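Just so we're on the same page: letters track the sequence lines, and every chain starts at 1. Keep in mind that this is a model prediction, so the values were computed, not measured.
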Amino acid sequence: MAENVVPRVRVPRDASAGESVSVRTLISHPMESGARRGSDGNLIPRSIINRFTCEFNGEMVIDVTIEPSVSTNPYFQFDAVVNETGTFAFTWYDDDGSVYTDTADITVA
Amino acid sequence: MTQTRRQFVGSGLAVAAAFFGLPHIASAAQLDEAIAAFTGGSDMANDGITLIAPEIAENGNTVPIEVDAPGAAAIMLLAAGNPNADVCTFNFGPAAGSHLAATRIRLAGEQDVIAIARMPDGTFKQARQTVRVTIGGCGG
Amino acid sequence: MTRKALLGGASAAIIAALAAGVGLADIRTGDSLVINGEIEIITETAPPEHLAGVFNTIYSGWVFRTDETRAMQADDFDNPGMLYVEQGIEAFNTAMGTEGNSCASCHENPESLADVRSTYPQWDEAHGEVQTVEMQVLECQTERMGVAEPYGYDSQQMRNMVALIASVGRGQLVNVAMDGPASEAWELGREIYYTQYGQMELSCAQCHENNYGNLIRADHLSQGQINGFPTYRLKNANIVSVHGRFRGCIRDTRGEPYAIGSPEFVALELYVASRGNGLTVEGPAVRN
């Protein structure tokens, strides 16, 4: 199981109604591809984040299907449109069944 | 039996390849399959999608990639020369503020990066760019 | 021809292939780096006095990297090295050892250590030796905190802690003392810098003083400055220590490296750090 998996997100604190805001996310994770061999010569089993989603007030912003070709510490940047004050909910799904979540609030004036 | 230096080096490489298990590189068939799974074999337009990738990546471990296809429902990223060509697929929801996404990907050597956008009307657009991956001078 | 001469001839050919002289032709100088829009980094400046006549300008390793790699260091969110700094912060606030203290018990917060990275290695009067930041951390753990199993010199935990200490000192002018009691170690470091190692018979200077900016295979040689350490290397997808990098360089000469934490590497670190006096602390920098 991956250790020290810590999600980080960055969204602006406030925005105007209907504005498109930039969202950045990063999660510390080795993204073990399953194609590498360990010092004992055996394949290291695949262990990756295979899906990431971002919702705003329950509405989907982006849903990403992820393969082993995404780098260690997966990083995503995208835009979300915000019409009202609310909360972003971020979810990362690990091969091992673990689910990591984070949230971020934004105030719409 | 005498063996030339070249034969010796060649056999050494073959042994090394067998021992270390050189990465299996995606066949053209695997790439075609991955694309067909996404497009259903439809024709693809070459406009309306922008792929931003470095011409030269300093290391294949972490290559920044950005795709933008205004109006797209989903964008699939592929690395034609990786052991598995699929990289990731961005599915945009109703709260998406644009149809742009950026990430960092692994590239096993110089190859084409391909982005394919699926539009809401069922048509497809593609962009492709060759990325050279620097072979570092120092393993240190 | 002797075997030694053959090897010497080979290494001479390699250096010739690097092309004689310094080639900054395809390096874009003159750009500035501001981290998070607020921390100003000096990436090129006049050399310290002891390098007058050697360099006209000293350059941070940042200058030798591509736009993409440079950009990753300009914002802490984009810099993967900051993930390790965060782990360092957690360790900083966690009690360890029989005394029940954390780093924060004495040092309050990491920012109180802002002056450390820029002035280390430095002479430690009580121990009668030049100490690196790592040695200082170990001293705290073993002499003041009662930690039975202190961090390994090059362990992930140690690199995290040193990255934290560097990060709070970013933007500070590197200013290590090379005179007084430190001069002996500095002289040793200088001697090591100009000594040819390994089957390739390469010294630090042959690549990083005589050939910076030139290509070694498809990679641009830097001046070998260490103001960005611990450095996040794309190659390792992790942060790398100064001594870890020294070891890698000597190994690449096909030589037998000194041990990590050895007096030789401490001396070399002091000397190489002094070659960057006038640059600013950047750790964790992002490099290839």
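- At a 4.5 Å heavy-atom cutoff, A:S22 makes no contact with chain B through either its backbone or its side chain.
- Heavy-atom pairs under 4.5 Å with chain B were tallied for A:T25, A:V70, A:N83, A:V61; the largest tally goes to A:V61.
- Per-residue counts of heavy-atom pairs under 4.5 Å with chain A were compared for B:I105, B:L107, B:T62; the largest is that of B:I105.
- Side-chain atoms of B:Q111 come within 3.5 Å of backbone atoms of B:G81 as a donor-acceptor pair (strictly under, hydrogens ignored).
- Relative orientation of the A:F56 and A:F88 rings is tilted, given thresholds of 30° and 60° on the angle between their planes.
- Counting non-hydrogen atoms of other residues, nucleotides and ligands closer than 6.0 Å to CG of B:D43 gives a total of 12 or fewer.
- Taking the side chain as every heavy atom from C-beta outward, B:L78 and B:M76 approach each other to under 4.5 Å.
- Between chain B and the options A:G18, A:S33, A:S71, A:A80, the largest number of non-hydrogen pairs under 4.5 Å is found for A:S71.
- Of the two parts of B:D86, the backbone and the side chain both hold a non-hydrogen atom closer than 4.5 Å to a non-hydrogen atom of chain A.
- Under the 6.0 Å distance and 45° angle rule, B:R104 counts as a cation-pi partner of A:Y75.
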